Amino acid sequence: MVKVITYGTFDLFHEGHYRLLQRAKALGDYLIVGVTSEKYDIERGKLNVVDPLLTRMENVKKTGFADEIIVEETLGQKINDIKKYSVDIFTVGSDWTGTFDFINDFCKVVYLERTKNISSTMLREQNKRILKAGIIGTGRIANRFIPEAKLVSGISAQGVYNPHKESAEAFARKWEIDAYDDLKSFCRDVDVVYVASPHQFHYEYVKFALEHGKHVLCEKPMVLRREQAEELFAYARQHQLILVEGIKTAYCPGFEKLLGIACSGTIGTIRYIDACFTKLENAGSRELTDEKYGGSFTELASYCLLPIIKLFGYQYDDIRFDIIHDKNGVDLFTKASFCYSKGIATATCGLGVKSEGRLLIAGTKGYIVVEAPWWKTTYFEVHYEDVSRVDKYSERFLGNGLRYEIKDFINMINGDDKSRFKLTGEESLAIAEIMEKFMHDEKRLHV
Ligand code: CTP
């Protein structure tokens with residue numbers, strides 16, 4: 001019996017897939033089809049898959065060509081499958097010609113001619129309206145958005161707004177999009193807005209965009225007052241608009257895995273969370289010269305507050321800020337200490353003091369440790385009383401990670417709510433409230 005194996009995502013099952021499977025089956029007597037798992041697709045950066053795994057497997061089954069359907073879950077699985085199932089022929093479409101030549105050492109490799117003019121990518125574009133994205137701001141983060149958005153299907157950068165015309169035009173030239181210095185025309189031409197302006201302008205921009213019927217993804221910290229966050233989320237809800245605070249860590253696969261393990265009971269009951277993020281800035285930078293909105297806490301605390309709010313919730317009994325100021329009164333280093341009935345937590349941020357930048361989650365049975373840059377979670381360890389036992393976990397974090405939040409934002413707009421739990425409106429409100437307390441303690445709200 002000649003055994004044949006082939007692999008694919010088989011998303012939005014189409015004629016190209018059918019013909020591939022038909023010819024793959026004809027190569028032998030028994031056909032095994034490996035369908036990629038959702039997790040594996042995300043891991044290898046394929047973020048645009050529409051159909052869930054079960055639907056994709058069901059569609060392969062319906063063709064009647066597959067004698068066995070398996071799930072492809074990891075890189076390197078193919079060789080193991082070939083050995084495990086004693087496969088004689090490995091086959092894929094000609095778009096992969098050359099890529100799998102190394103498999104010739106284990107079995108015969110056949111590249112079947114790809115069916116022309118059809119692909120899942122084409123169908124996705126046809127099925128889904130491409131949302132035109134407008135970017136407010138032209139700084140460092142705005143520049144990161146466009147290459148990341150290109151990797152997510154269903155969105156295309158259309159224009160950029162900056163009240164300073166020259167900045168908007170320079171940015172627009174660089175990325176080949178339209179420039180706007182008038183917010184109304186900008187909003188007229190786009191479907192969704194990404195706000196990446198300095199944080200003191202977030203509230204006005206988000207409000208304007210929502211009032212013009214746009215879905216909004218806003219960089220962190222979205223706002224520095226709870227009341228403003230409440231107003232914006234209430235407006236979005238009433239008008240069926242999606243509003244997301246862009247704390248990228250919340251949307252990255254490694255952090256999701258970490259939270260899952262932290263909550264699983266593996267380390268017992270969580271009693272202590274210590275999250276630290278420091279990044280040295282030049283003395284003349286905006287972050288260190290803006291006496292009202294600059295400083296380490298407004299700049300970095302969103303990241304450190306995230307694991308605390310996710311794991312301990314927002315009903316803390318007490319919060320205290322210990323701060324090292326520079327001569328202008330800007331916080332160079334801030335430690336926010338929380339007391340909860342169930343435990344304690346610290347969020348430490350520095351722009352003028354360098355620290356280890358680690359995330360530690362300690363429980364009654366063990367602790368989880370993630371070294372910097374834990375906010376781009378790729379690797380973490382779980383330690384126990386028995387020092388010889390260390391569980392190690394890793395996940396991929398691709399590019400600068402914005403693609404994950406952009407993908408979830410687009411999915412939510414398209415009615416898929418499965419990612420909403422990653423950072424809820426309530427959690428964003430809690431973060432705004434902590435920012436407000438800090439600003440109040442620092443007497444900055446009256447400046
Ligand atoms: N395939 C094919 N002809 C097509 C499309 C796909 O022969 N027109 C083959 C691929 O070469 C692969 C298998 O079908 O062997 C599964 O491909 P998959 O990547 O799932 O489909 P695509 O349509 O190529 O998906 P995408 O557009 O997301 O890359």
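Computed from a predicted model, the values in this text were never measured in an experiment. Whatever order the structure lists ligands and atoms in, that order sets their numbers, starting from 1.
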When you check the side-chain N and O atoms of His383 and Glu381, is any donor under 3.5 Å from an acceptor? yes

Write out the residue and atom name of the closest protein heavy atom to atom 6 (C) of ligand 1, then the distance separating them to 0.1 Å. Arg114 NH1, 3.2 Å

So is Arg124 close enough to ligand 1, meaning a heavy atom under 4.0 angstrom away? yes

Decide yes or no for Trp374 and Pro307: does some side-chain heavy atom of the first lie under 4.5 Å from some side-chain heavy atom of the second? yes

Quiz question: by atom type and distance under 3.5 Å, do the side chains of Glu231 and Tyr203 form a donor-acceptor pair? yes

So, does Glu15 sit close enough to ligand 1 that a heavy atom of it is under 4.0 Å from the ligand? no

Kindly confirm or rule out an N or O of Thr6 lying under 3.5 angstrom from an N or O of ligand 1. no

Would a 4.5 Å heavy-atom cut-off, applied to side chains only, mark Val192 and Lys214 as touching? no

For the residue pair His212 and Phe208, categorise the inter-ring angle as parallel (less than 30°), tilted (30 to 60°) or perpendicular (more than 60°). parallel

Check this for me - ligand 1, Lys116, N or O atoms closer than 3.5 angstrom, yes or no? no

Can you confirm, on distance only, whether ligand 1 has an N/O atom lying under 3.5 Å from any N/O atom belonging to Val92? no

Glu73 vs Lys39 side-chain heavy atoms within contact, under 4.5 Å: no

Atom 12 (C) of ligand 1 sits nearest the protein heavy atom Gly93 N, 4.0 Å

Using a 3.5 Å cut-off on N or O atoms only, is Thr121 in polar contact with ligand 1? yes

Does one side chain, of Glu219 or Tyr194, offer a donor that lies under 3.5 Å from an acceptor on the other? yes

Closest to atom 25 (O) of ligand 1 by heavy-atom distance, out of Gly16, Ala24, Ser120, is Ser120

Looking only at heavy atoms, is any part of Arg19 under 4.0 Å from ligand 1, and if so is it the side chain, the backbone, or both, or is it neither? neither

Please classify the Leu20 to ligand 1 contact at 4.0 Å (heavy-atom distances, strictly less than): side chain, backbone, both or neither. side chain

of all protein heavy atoms, closest to atom 29 (O) of ligand 1 is Lys46 NZ, 3.4 Å

So do the side chains of Glu405 and Glu148 get within less than 4.5 Å of each other, counting heavy atoms only? no

Looking at ligand 1, does any of its N/O atoms fall within less than 3.5 Å of an N/O of Arg23? no

Any side-chain heavy atom of Asp178 within less than 4.5 Å of one from Phe186? no

Do the non-hydrogen side-chain atoms of Ile5 and Tyr7 ever get within less than 4.5 Å of each other? yes

What part of Asp95 sits under 4.0 Å from ligand 1 if we count only heavy atoms: the side chain, the backbone, both or neither? side chain

Just distances here: any N/O of Gly8 and N/O of ligand 1 closer than 3.5 Å? no

Would you mind checking if Lys207 and Glu211 are paired as a salt bridge, meaning a charged N to carboxylate O distance below 4.0 Å? yes

If the plane angle is over 60° it's perpendicular, under 30° parallel, otherwise tilted; pick one for Trp96 and Phe100. tilted

Under 4.0 Å from a heavy atom of Ile118: which atoms of ligand 1 are those, numbered in the order shown and with their elements? 4 (C), 5 (C), 8 (N)

Is there a side-chain contact between Phe90 and Ile82, using heavy atoms and a 4.5 Å cut-off? yes

Shortest protein contact, atom 20 (O) of ligand 1 (heavy atom only): Phe10 N, 2.8 Å

Would you check the N or O atoms of Ser94, main chain and side chain alike, for any that come under 3.5 Å of an N or O of ligand 1? no

Under 4.0 Å from a heavy atom of Ser119: give me the atoms of ligand 1 that qualify, with their elements. 23 (O), 27 (O)

Give me the nearest non-hydrogen protein atom to atom 19 (O) of ligand 1 as residue plus atom name, then the distance to 0.1 Å. Thr9 N, 4.4 Å

Tell me which protein heavy atom sits closest to atom 21 (O) of ligand 1, plus the residue, atom name and distance to 0.1 Å. His17 NE2, 2.9 Å

